[in-house]
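Only one structure is covered here, and it is reproduced in the block below.
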Amino acid sequence: MAGRYWSERRFDSIRQHVAAGEEPWASAHAAMMKSAEQAMTIDPLHIRQNGGSPWFRQDAVYIPGQDGVRNPESNCGSSGLAKRAGHACLVLAIAWRIVGDTQYADKALQLIHAWCIDQNTRMFPSGFVIDAATPGMGYGGDIVLMAAFPDMFLAMYLLADFDGWNLPARAAVKRWVRQMIDRQRPLMFYKGYDMYNNWEDHRLEYLATGALAIDDADLLLEVFSRWRDIIPMKMTDEGILPREAERTRSMHYTIFALNGMARVADIAAGYDIDLAGTVINGRSLKLAVDSAAGYLLDMSRWPHQMIEPLDKKPDLTVFEVAYARWGEERYLDVINAHGGRPVGDFVTLMTARV
């Protein structure tokens, strides 16, 4: 078994729901398997496909001085390749655990090894953005790296007990992950203050999934402690995330932050640690989720700047996690108002309330 998070018990439950044709598992499983079959056909993706460098280099996403305005000249290829590779690895790993066909695990390992250990394709594990991809451009912040690798780390976690993963290769991948995550363990600071906006939410997600990949219980506890520490700093008494609401794409960044928070809380729940139920000075994940839900059901009420509308089907992982934890129908209402289930290729399948 992989471990207590996304445990074999969870997979057994999913198999039973899918076999019985029950929703939302049946449709979510079909969507996940479709993605897994597509992943089976791709050639290995690797960092050097973006200009030949083995380093994670990326330009700033936005035009300097224009928050939220994407720069069409920016080279964002490194994070794009990492996200695509990680997503493919994760749906393949989930497919293997559900249906038991080793071809999915073998393909996932091919993709992981190309990224992490194969001599001619591996990424040097800097753990941060080394420099701009384009000479003369500003380089992207480490958030682009931290948001790109959690899926790959989760795939490694799910594959840990695959008999076809030999010890030398598994050890080499773990060393690579360790180098990647250790460089992000120190707190980040901005203008003298430690970060507690979406950068921190996704740094914690990055570290938590990396800890799962290398089975580092101490690091998990470190992440969970930090998650608790910043809850009262992150939001107003009404549950608004001010560091996100002040941005030009305010709801986009609110959801982005909440997704990072929710994923860490979901991991903690697998270890019987109830971060989702943590309330400090009246502030909690649920308060922020409820605040966002009210506006997402009627965006005409949202009082903050949005220079572009939400995606037609935004990533609403946080509302699947919230529904699984609290069972309130309005969380499903939000999902249905913005594209419906399944959320992503695996979120609903792996998170749906039983």
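Counting begins at 1 with the first residue of the sequence.
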For a quick test of reading the model, state the closest non-hydrogen atom pair linking [X] to [Y] and the distance between them.
{"X": "Cys76", "Y": "Asp59", "answer": "SG-O, 4.4 Å"}
{"X": "Trp96", "Y": "Ala105", "answer": "CG-CB, 3.7 Å"}
{"X": "Ala147", "Y": "Phe256", "answer": "CB-CZ, 4.2 Å"}

- Message: Given the ring of Tyr196, does Arg243 sit roughly above its face, with NZ or CZ under 6.0 Å from the centre of the six-membered ring and within 45° of the axis?
- Response: yes
Margin query: Tell me whether Arg247 forms a cation-pi arrangement with Tyr253, defined as NZ or CZ under 6.0 Å from the six-membered ring centre and within 45 degrees of its axis.
Written below: yes
Would the Phe11 and Trp6 ring centres measure less than 6.0 Å apart? no
Please check if the side chain of [X] supplies one atom and the backbone of [Y] the other of a donor-acceptor pair under 3.5 Å.
{"X": "His17", "Y": "Glu23", "answer": "no"}
{"X": "Arg183", "Y": "Pro125", "answer": "yes"}
{"X": "Thr278", "Y": "Leu275", "answer": "yes"}

For [X], does the [atom1] atom have more than 12 heavy-atom neighbours from other residues, nucleotides or ligands under 6.0 Å away?
{"X": "Tyr139", "atom1": "OH", "value": "no"}
{"X": "Asp298", "atom1": "CG", "value": "yes"}
{"X": "Lys313", "atom1": "NZ", "value": "yes"}
{"X": "Asn166", "atom1": "CG", "value": "yes"}

Going by atom types alone, do [X] and [Y] pair a side-chain donor with an acceptor below 3.5 Å?
{"X": "Tyr323", "Y": "Glu329", "value": "yes"}
{"X": "Glu73", "Y": "Asn71", "value": "no"}
{"X": "Ser35", "Y": "Asp345", "value": "yes"}
{"X": "Asn259", "Y": "Thr317", "value": "no"}
{"X": "Asn75", "Y": "Gln58", "value": "no"}

*State whether Asp216 and Arg178 are salt-bridged, where the test is any N-O pair (Lys NZ or Arg NE/NH1/NH2 against Asp/Glu carboxylate O) under 4.0 Å.*
yes
Does Asp12 come within less than 4.0 Å of Arg15, counting only side-chain N to carboxylate O? yes
Are the side chains of [X] and [Y] in touch, meaning some heavy atoms are under 4.5 Å apart?
{"X": "Glu308", "Y": "Arg70", "answer": "yes"}
{"X": "Lys286", "Y": "Asp290", "answer": "yes"}
{"X": "Asn197", "Y": "Asp201", "answer": "no"}
{"X": "Phe153", "Y": "Leu212", "answer": "no"}
{"X": "Val177", "Y": "Phe149", "answer": "no"}
{"X": "Pro54", "Y": "Met123", "answer": "no"}
{"X": "Pro242", "Y": "Thr236", "answer": "yes"}
{"X": "Leu92", "Y": "Met40", "answer": "yes"}

Q) Using 30° and 60° as the class limits, which term best fits the ring planes of His87 and Phe346: parallel, tilted or perpendicular? A) tilted
* Asked: So Tyr271 and Phe224, would you call those rings parallel, tilted or perpendicular, with 30° and 60° as cut-offs?
  -> tilted
The reported gap from CG in Leu349 to CZ in Arg10 (rounded to nearest 0.5 angstrom) is 9.5 Å
Show the numbers, then the answer: is there a side-chain hydrogen bond (donor to acceptor under 3.5 Å, both in side chains) between Thr248 and Gln305? CA-CA 5 Å; Thr248 61; Gln305 188 175 10; 5.6 Å; no
Shared hydrophobic cluster, [X] / [Y] (ILVMFWY, side-chain heavy atoms < 4.5 Å):
{"X": "Val69", "Y": "Val61", "answer": "no"}
{"X": "Ile143", "Y": "Phe128", "answer": "no"}
{"X": "Trp55", "Y": "Met146", "answer": "no"}
{"X": "Trp25", "Y": "Leu332", "answer": "yes"}
{"X": "Leu258", "Y": "Val279", "answer": "no"}

Could you check Val321 against Arg263 for side-chain contact (heavy atoms from CB on, under 4.5 Å), going step by step and ending with a plain yes or no? CA-CA 8 Å; Val321 173; Arg263 290 181 182 119; 5.9 Å; no
Item to complete: Give the intermediate values and the outcome of side-chain hydrogen bond (donor to acceptor under 3.5 Å, both in side chains) for residues Ser250 and Trp302.
Response: CA-CA 9 Å; Ser250 52; Trp302 181 244; 2.8 Å; yes
